[in-house]
Amino acid sequence: METTVVVAEDELITRMDLAEILKGAGYKVVGMAKDGLDAIEICRREKPDLAIMDVKMPVMDGLEAIKIIQKEKIAKCIILLTAFSDSEYIKKARDLGVMTYLVKPFDESTLIPAIEVAIAKQKEMDKIQDELDLISKKLDDRKFVERAKGILMEKHHFSEDQAYKTLRKLAMDKRMSISEISRLLIDSIKD
């Protein structure tokens with residue numbers, strides 16, 4: 001599957017050069033924007049793997065657009081490509097979660113490796129986030145099961161083992177998970 005890219009750059013020639021380099025390297029350019037608002041619109045529509053953003057653009061600059069793109073999670077990875085290398089822009093880019101900061105002028109020999117590394121790092125971060133989400137869900141599920149066991153132990157004077165076996169049997173009978181049964185049990189006593 002091709003990596004999809006949105007290019008946001010106000011200079012037409014630079015935008016076209018970027019698109020040609022990307023296409024030549026096997027990327028699929030799904031949109032080109034001349035300002036930050038266009039970039040947001042295209043990212044909302046295309047949900048690209050990568051957005052390459054300039055800082056200084058008319059209407060809305062790249063940093064403002066990145067805030068929205070990151071908040072809405074409409075591009076998986078963002079690279080900043082700009083003529084500005086002062087520490088203020090670098091700090092803002094870092095704080096916004098930009099994966100790579102490249103300073104113009106650029107060429108294929110610097111752009112493509114930076115893209116490859118940024119995408120690989122983003123995939124690593126996504127995998128870590130998925131694992132964290134799974135662990136968090138398991139912890140939440142465990143809390144509900146423990147609460148439901150406590151309710152059964154108190155209400156029916158069950159041992160902890162009896163309460164768990166009851167939840168497990170209900171889950172099997174209803175073809176639900178133990179955490180789903182536990183949540184239903186907890187919700188039923190709230191009312």
Side-chain angles (χ1 to χ4, degrees), residues 1-6 8 22 25-31 39-53 62-80 90-101 112-156 158-191:
M1 190 153 139
E2 289 178 304
T3 301
T4 57
V5 184
V6 168
L22 292 165
Y27 295 96
K28 182 178 180 182
V29 178
V30 294
I40 293 166
E41 229 176 273
I42 295 168
C43 286
R44 282 178 177 153
R45 183 178 66 241
E46 299 294 336
K47 308 276 192 290
D49 299 311
L50 174 66
I52 299 177
M53 305 287 293
L63 295 172
E64 289 299 315
I66 289 168
K67 282 181 194 174
I68 295 168
I69 291 168
Q70 292 286 55
K71 182 180 177 192
E72 295 182 16
K73 298 179 181 181
I74 51 178
K76 291 180 185 173
C77 182
I78 298 176
I79 290 178
L80 204 58
I90 295 167
K91 182 182 181 320
K92 285 180 181 178
R94 185 191 64 222
D95 293 346
L96 289 172
V98 169
M99 289 302 290
T100 299
Y101 191 107
I112 300 305
I115 289 172
E116 291 296 318
V117 169
I119 289 171
K121 290 294 178 192
Q122 187 62 53
K123 285 179 181 176
E124 282 179 34
M125 288 177 58
D126 291 345
K127 184 179 177 187
I128 291 167
Q129 186 61 52
D130 290 346
E131 290 171 1
L132 185 61
D133 291 345
L134 181 62
I135 290 167
S136 181
K137 184 189 178 318
K138 286 181 178 182
L139 184 59
D140 283 347
D141 288 349
R142 185 74 189 159
K143 288 176 186 176
F144 281 105
V145 171
E146 291 301 317
R147 270 184 73 196
K149 282 189 333 188
I151 291 167
L152 290 175
M153 289 164 65
E154 184 179 316
K155 188 173 184 178
H156 300 290
F158 285 168
S159 68
E160 185 176 356
D161 189 50
Q162 288 173 312
Y164 183 76
K165 286 179 180 175
T166 300
L167 288 173
R168 190 176 63 201
K169 182 170 179 358
L170 280 169
M172 289 186 338
D173 291 348
K174 301 293 182 189
R175 296 178 188 220
M176 298 172 82
S177 70
I178 293 177
S179 73
E180 289 172 316
I181 287 292
S182 297
R183 288 172 196 255
L184 287 174
L185 177 67
I186 292 165
D187 288 343
S188 72
I189 64 161
K190 287 180 184 175
D191 299 332

With rounding to the nearest 0.5 angstrom, report the NZ to SG distance, Lys121 to Cys77. 12.0 Å
Test your reading of the model: is there a side-chain donor-acceptor pair from Ser136 to the backbone of Asp133, 3.5 Å cut-off? no
Quick one: pull up OG1 in Thr3 and CG in Leu50 and give me the separation to the nearest 0.5 Å. 8.0 Å
Give the minimum heavy-atom separation between Leu80 and Ala93, together with the two atoms involved. CD2-CB, 3.7 Å
Are Tyr164 and Glu160 packed together at the side-chain level, in the sense that at least one heavy-atom pair is separated by less than 4.5 angstrom? no
For Ala39 and Met53 the tightest heavy-atom approach is CB-CE, 3.9 Å
Atom CE of residue position Met176 - does it have more than 12 heavy atoms of other residues, nucleotides or ligands inside 6.0 Å? yes
Heavy-atom closest pair (Pro48 atom, Val30 atom, distance to 0.1 Å) is CB-CG2, 4.4 Å
Contact check, side chains of Leu63 and Lys67, non-hydrogen atoms, under 4.5 Å: no
How long is the gap from CG on Asp173 to CD1 on Ile181, to the nearest 0.5 Å? 8.5 Å
Around atom NZ of Lys47, are there more than 12 heavy atoms from other residues, nucleotides or ligands closer than 6.0 Å? yes
Are the side chain of Gln70 and the backbone N or O of Leu96 linked by a donor-acceptor pair below 3.5 Å? yes
Salt bridge check, Lys165 against Asp161: does any charged N sit closer than 4.0 Å to a carboxylate O? yes
At what distance, to the nearest 0.5 angstrom, does NZ of Lys149 lie from CD1 of Ile178? 9.5 Å
Nearest atoms (heavy-atom pairs only) where Ser182 meets Phe144: CB-O, 3.5 Å
Can you tell me how far the OH atom of Tyr101 sits from the NZ atom of Lys92, to the nearest 0.5 Å? 10.5 Å
Check whether any side-chain heavy atom of Ile68 sits under 4.5 Å from a side-chain heavy atom of Arg44, and report yes or no. yes
Does the distance from a Lys or Arg side-chain N to an Asp or Glu carboxylate O, for Glu146 and Lys143, drop under 4.0 Å? no
Give a yes or no on whether a salt bridge exists between Lys127 and Glu124, defined as a side-chain N under 4.0 angstrom from a carboxylate O. no
Looking only at heavy atoms, the pair that brings Ile79 and Ala114 closest together is CD1-O, 4.3 Å
Does a salt bridge link Lys28 with Asp49, judged by any charged N lying under 4.0 Å from a carboxylate O? no
Would you find a donor on one side and an acceptor on the other, under 3.5 Å apart, between the side chain of Glu154 and the backbone of Ile151? no
Taking C-beta and beyond as the side chain, do Leu167 and Leu152 meet within less than 4.5 Å on heavy atoms? yes
Please report the interatomic distance CD(Gln162) to CE(Met153), rounded to the nearest 0.5 Å. 9.5 Å
Ionic contact status for Arg45 with Glu41, cut-off 4.0 Å: no
Minimum side-chain heavy-atom gap Ile52-Val6 below 4.5 Å: no
Greater than 12 external heavy atoms within 6.0 Å of Glu131's CD: yes
Val117 versus Thr100: any side-chain heavy-atom pair under 4.5 Å? no
May I ask you to decide whether Arg183 forms a salt bridge with Asp187, counting only side-chain N to carboxylate O separations under 4.0 Å? no
Please report the shortest heavy-atom distance between Ala148 and Ile186, naming the atom on each side. N-CD1, 4.0 Å
For Met99 and Met125, run side chain to side chain contact (heavy atoms under 4.5 Å, CB included): C-alpha distance rounded to whole Å, both residues' side-chain angles, the deciding distance at 0.1 Å, then the answer. CA-CA 11 Å; Met99 289 302 290; Met125 288 177 58; 4.0 Å; yes
Compare all side-chain heavy atoms of Glu46 with those of Thr4 and state whether any distance is below 4.5 angstrom. no
